[in-house]
Amino acid sequence: MSNKETEILDEKPIDFIRAKIKEDIANNKNEGRVHTRFPPEPNGYLHIGHSKSINLNFSLAKEFGGKCNLRFDDTNPSKEEVEYVDSIKRDIKWLGFDWADREYYASDYFDEIFEYAVILIKKGKAYVDSSSMEEIKTSRGMPTSPGVESPFRNRSVQENLDLFERMKNGEFKDGEHVLRAKIDMSSPNMNMRDPVLYRIKNESHHRTGDKWCIYPMYDMAHGQSDSIERITHSICTLEFENHRPLYDWLIKEIEIFPPQQIEFARLNISYTMMSKRKLLLLVQEGIVDGWDDPRMPTLSGMRRAGYTPEAINSFAEGVGVAKRNALVDVAKLEHSLRDHLNKITDRRMAVLNPLKVTITNYPGDQTEELEAINNPEDETAGIRKLPFCSELFIDRDDFMEDPPKKYFRLSPGNEVRLKYAYFIKCEEVLKNDSGEVIELKCTYDPETKSGTGTSTRKVKSTIHWVSARHAFDAEVRLYDRLFSVEDPASTKDGKDFRDVLNPNSLEILSACKLEPSLQEAKSEDKFQFERLGYFCVDSKYSSQGKPVFNRTVTLRDTWARINKK
RNA sequence: UGGCCGAUAGUAUAAUGGUAGUACAUCGGGUUUUGGUCCCGUCAGUGGGGGUUCAAAUCCUCCUCGGCCAGCCA
């Protein structure tokens, strides 16, 4: 390969954040140090949108020889719970990222942050406002018109210090006072109109218990926590862009280490939504079966559905990083998923909607063992034995009594291959009184045994099957997208996301016939059911010897597309 | 009638004044004991008007469109 070609191959596209970091390193900013953090609020489960941020922050640290902290932004005790902390840690680990011993909490810094507030008060840059919430709201003005200053704005430093101390000591009820920054009530940036820094909440905190009854707002805690941790690049989403001037103002006035905030567009995916608040509603209203329902875009839901961390990370890296609001096609996610699952999963035979087939010329009492390849993409996966006899099940989709032109599967008089077995031909169709097909009588050709190469005849289709005498019954759950519209979070005409649910997002099949080897499958084991899709043993409803399978994603289905037209 | 940010094929993302490229999707073909995978091909783009320049997706300007901001949420 020539030098030029090598260069081209090495030229991975660089996003604007990496470009900025490279520049900072070149300028020896922070002595060339790179330190990031992933800062979730423990008020819900992590979702696929977070995986972009997790991947970005941890990858950045790795690529530039730095570190990435895990920090919980737990400044609002009314919404945060230990359950969420635990799930978040589990999900990040599952994705494969490691914060080593750097597990931090904004609540660990409450003492420092309190002192920062005192510094601001002493500098005359913050004051205690005793206005009501309503008064503060009104006096803030509108984005297009300036606000007015609070009557409490010019309290003396001494009075502010005293009041703030008494706020801390629990002398007041919720809402009686707040601490505000003294900046500019006429600023065109609403965040600079004397933002609230501290509020009184007589509530227990999941970590600090009853130590505090005042809690810093996000704006008073986030940048300060970054600073304490010596974060060099504070990566966040676009909606915090308007907060950056305040972030910088506070850091400057408190005179502490200045991290650089950089904003990028959050991930949106078609046919789903990322709002934690709305996802919580789905859970609370019982629309889904918990945060880990396989239809949820949460990492725990996706894990239960059968997603792999590799698939999610490769997707997260593939969507790119930019500042434009984007809606990524869910097909891209599914592509990453299939791509990985195709390489790693063993193939198995499973019949979802069984149709009985009797091979009339196969000895009724005979059983033979046929060889099947576990994974054509991976030779080391080996082979297994499949029992075959005269009584089989095939999928109802693989038979049509009156097929259209391009239908290659089984139909009266037509011949197909049973994968890893023989050619069979449909000779007779048995129906019940209501005209429903209940059984097929077929003949097989002993010369066409799989692998022997003794037949030169060709068939246009190979279908999957199981032995009726050896298969076991199992429940299989077919999942589809939860929503029927591209962007369920922004519906029009007074509708909301609950009005655009896909009524067919879950179909439970309780009489599926699976090949025997599947019986001992363990929780979270993944397989490709030949010709159907990828399936994963459900971690919630399976029991020993009685696995329940979740469909992770279908195979690409060219026939379904042709058929649709 | 404020401020900030953004706009490149259907979708997402590159090109940092010099041949508009990649991935997904679509469509077509080849291989195939999965209508899968794999391989090959196809389709298709710089929001609009002015300006600077030998040369503009890129710089300037005006416009249009979209997002965010009026929590004691994050």
Side-chain angles (χ1 to χ4, degrees), chain A residues 11-16 19 39-41 43 73-76 78-80 129 132-133 136-138 140-147 174-175 177-180 186-193 195-201 214-215 217-219 221-222 236-245 263 265 270 276-277 315 318-336 338-339 342-343 347 373 376-377 406-409 416-421 423 448 450-451 458-464 528-533 554-563:
Chain A
E11 254 175 47
K12 272 169 284 174
I14 278 235
D15 55 73
F16 78 100
E41 184 193 11
N43 67 340
D73 266 349
D74 54 350
T75 56
N76 184 355
S78 354
K79 292 186 174 176
E80 296 149 9
D129 194 338
S132 69
M133 204 188 292
I136 290 179
K137 179 183 165 68
T138 310
R140 188 153 23 227
M142 301 285 280
T144 49
S145 58
D174 288 12
H177 309 280
V178 290
L179 184 73
R180 290 229 258 170
S186 61
S187 169
N189 182 344
M190 298 294 285
N191 293 121
M192 301 298 271
R193 319 243 265 227
V196 172
L197 266 20
Y198 261 93
R199 77 287 215 191
I200 298 169
K201 270 181 182 283
I214 56 171
Y215 294 92
M217 298 286 291
Y218 168 87
D219 287 318
H222 188 86
C236 66
T237 42
L238 253 27
E239 67 268 30
F240 295 105
E241 222 161 10
N242 292 334
H243 292 244
R244 180 153 33 91
E263 310 86 10
S270 59
K276 274 198 274 185
R277 190 181 62 80
F315 170 73
V319 294
V321 180
K323 296 197 70 161
R324 129 172 69 154
N325 293 298
L327 185 63
V328 177
D329 192 337
V330 69
K332 188 147 184 153
L333 210 211
E334 293 179 346
H335 174 264
S336 298
R338 293 189 180 106
D339 191 45
N342 177 48
K343 293 185 182 106
R347 312 293 111 133
I373 294 166
E377 308 292 320
K406 286 191 172 168
Y407 187 86
F408 302 143
R409 281 112 94 149
V416 298
R417 172 178 285 286
L418 295 176
K419 182 135 184 163
Y420 299 126
F423 286 7
T448 57
S450 180
K458 294 243 187 231
V459 286
K460 294 199 103 168
S461 182
T462 297
I463 65 172
H464 61 277
Q528 182 196 101
F529 289 176
E530 293 268 0
R531 303 205 306 130
L532 297 174
T554 62
L555 252 28
R556 283 190 71 197
D557 191 346
T558 308
W559 167 244
R561 279 209 300 274
I562 295 169
N563 204 22

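Note that these values count all heavy atoms, side chains included, but never hydrogens, waters or copies made by symmetry. A note on names: the letters A, B, ... follow the listed sequences, proteins ahead of strands, and every chain is numbered from 1.
With hydrogens and angles ignored, no donor-acceptor pair under 3.5 angstrom links the side chain of A/R338 to the base of B/U37. Scanning atom types as modelled, no donor and acceptor separated by under 3.5 angstrom connect the side chain of A/D329 and the base of B/C24. For A/R409 against B/G35, a side-chain-to-base donor-acceptor contact under 3.5 Å is present. Side-chain to base pairing of A/E377 with B/G36: one donor and one acceptor N or O lie within less than 3.5 Å of each other.
Nucleotides B/G41 and B/C59 place their P atoms 34 Å apart, quoted to the nearest Å. For the C1' atoms, the distance from B/U64 to B/G30 is 47 Å, rounded to whole Å. Going from the C1' atom of B/G10 to that of B/C72 covers 45 Å, rounded to whole Å. When the P atom is compared between B/G6 and B/C38, the two are found 37 Å apart, to the nearest whole Å. With both ends at atom P, the span from B/A23 to B/C39 equals 11 Å, rounded to whole Å. Here the separation of B/G2 from B/U42, taken at their C1' atoms, is 49 Å to the nearest Å. Nucleotides B/U1 and B/A12 place their C1' atoms 36 Å apart, quoted to the nearest Å. Straight-line distance between the P atoms of B/G66 and B/A56: roughly 30 Å, to the nearest whole Å.
Between A/H222 and A/F240, the ring-plane angle classifies as parallel under the 30° and 60° cut-offs.
Using modelled atom types, one finds a donor on one side chain and an acceptor on the other under 3.5 Å when comparing A/S78 with A/N76. Defined by atom type and a distance below 3.5 Å, a donor-acceptor pair is present between the side-chain atoms of A/D219 and A/H243.
A/M190 has its CE atom 19 Å from the P atom of B/G67, to the nearest Å. Atom pair A/K419:NZ and B/U37:P shows a separation of 13 Å (rounding to whole Å applied). One interatomic measurement links the two molecules: CD of A/E334 to P of B/U26, which rounds to 11 Å at whole-angstrom precision. Distance, A/F16 CZ to B/G6 P: 9 Å, rounded to whole Å. Remark: P of B/A70 and CE of A/M217 are 11 Å apart, rounded to the nearest angstrom. Following rounding to the nearest Å, A/L238 (CG) and B/C4 (P) show an atom-to-atom distance of 15 Å. If you take CZ of A/R180 and C1' of B/G71, they are 13 Å apart, rounded to a whole angstrom. The interatomic distance linking A/E239 (CD) with B/A70 (P) rounds to 11 Å, in whole Å.
For A/H335, a side-chain nitrogen or oxygen approaches OP1 or OP2 of B/C24 to under 4.0 Å. In terms of phosphate contacts, A/R561 brings no side-chain nitrogen or oxygen within less than 4.0 Å of OP1 or OP2 of B/G36. Remark: A/R193 is not in phosphate contact with B/G2, judged by side-chain N or O atoms under 4.0 Å from OP1 or OP2. The side chain of A/R277 places no N or O atom within less than 4.0 Å of a non-bridging phosphate oxygen (OP1 or OP2) of B/A74. Regarding contacts with the backbone of B/U34, every side-chain N or O of A/R417 stays at 4.0 angstrom or more from both OP1 and OP2. Residue A/T558 places at least one side-chain N or O under 4.0 Å from the OP1 or OP2 atom of B/G36. Put simply, A/R556 has a side-chain N or O that comes within less than 4.0 Å of OP1 or OP2 on B/U26. Of the side-chain N and O atoms in A/S270, none sit less than 4.0 angstrom from OP1 or OP2 of B/U11. In this model, the phosphate group of B/G35 is approached by a side-chain N or O of A/R531 to a distance below 4.0 Å at OP1 or OP2. The shortest distance between the side-chain N/O atoms of A/K276 and the OP1/OP2 oxygens of B/A74 is not below 4.0 Å.
Looking at A/K323 and A/E241, a side-chain N of the basic residue comes within less than 4.0 Å of a carboxylate O on the acidic one, giving a salt bridge. A salt bridge links A/K343 to A/D339: one of the charged nitrogens lies within less than 4.0 Å of a carboxylate oxygen. In this structure, A/E41 does not pair ionically with A/K79, as no charged nitrogen and carboxylate oxygen lie closer than 4.0 Å.
Residue-to-nucleotide proximity on RNA chain B shows that, of A/T448 and A/A265, the 5′-proximal contact is made by A/A265. Residues A/H222 and A/G141 both approach RNA chain B. Their nearest nucleotides, taken by heavy-atom distance, put A/G141 toward the 5′ side.
Across all strands shown, A/T138 has no heavy atoms under 4.0 Å from either base or sugar-phosphate atoms. No contact: A/N43 has no heavy atom under 4.0 Å from any strand. Among the protein residues, A/V459 comes within range of no part of the nucleic acid, since none of its heavy atoms lies under 4.0 Å from any strand. Residue-level contact check: A/P146 touches neither bases nor backbone, having no heavy atom under 4.0 Å from any strand. Within the 4.0 angstrom heavy-atom criterion, no nucleotide atom of any strand lies near A/R244. Using a 4.0 Å heavy-atom criterion, one finds that A/G147 contacts no nucleic acid atom at all. Among the protein residues, A/L532 comes within range of no part of the nucleic acid, since none of its heavy atoms lies under 4.0 Å from any strand. Within the nucleic acid shown, A/F240 comes within 4.0 Å of at least one base atom, counting heavy atoms only. Heavy atoms of A/G175 sit under 4.0 angstrom from at least one base atom. A/E530 comes within 4.0 angstrom of a nucleotide base, judged by non-hydrogen atoms across all strands.
For the pair A/R417 and A/S461, the minimum side-chain heavy-atom distance is 4.5 Å or more.
The listed nucleotides are B/A23, B/U16, B/G3; the one nearest the side chain of A/A19 is B/U16. For A/P13, counting side-chain heavy atoms from C-beta on, the closest listed nucleotide (B/C72, B/A14, B/G35) is B/A14. Closest to the side chain of A/L555, out of B/U34, B/A70, B/G35, is B/U34. Side-chain proximity of A/N325 to B/G67, B/C73, B/C69: nearest is B/G67. In the set B/G3, B/A74, B/U33, B/G3 carries the atom at the smallest distance from any side-chain atom of A/N242.
Nearest heavy-atom pair, A/L327 versus A/S270, reported as atom, atom and distance to 0.1 Å: CD1-N, 3.7 Å.
Between A/Y218 and B/A74, no base-stacking contact is recorded for ring centres under 5.5 Å apart and planes less than 30° from parallel.
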- Item | Strand RNA chain B in bracket notation, Watson-Crick/G-U under 3.5 Å with | for pairs to another chain | .((((((..((((....[..))))..((((.......)))).....(((((..]....))))))))))).....
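Glycosidic conformation of B/G71: syn, with the torsion inside 90° of 0.
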- Scan nucleotides 40-45 of chain B nucleotide by nucleotide, 5' to 3', and note B when protein non-hydrogen atoms come under 4.0 Å of the base, S if they reach only the sugar-phosphate, - if neither. ------
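The ring of A/W559 has its center closer than 6.0 angstrom to the ring center of A/Y407.
Partner of A/F315 under the side-chain contact (heavy atoms from CB on, under 4.5 Å) criterion, chosen from A/H335, A/E334, A/K332: A/K332.
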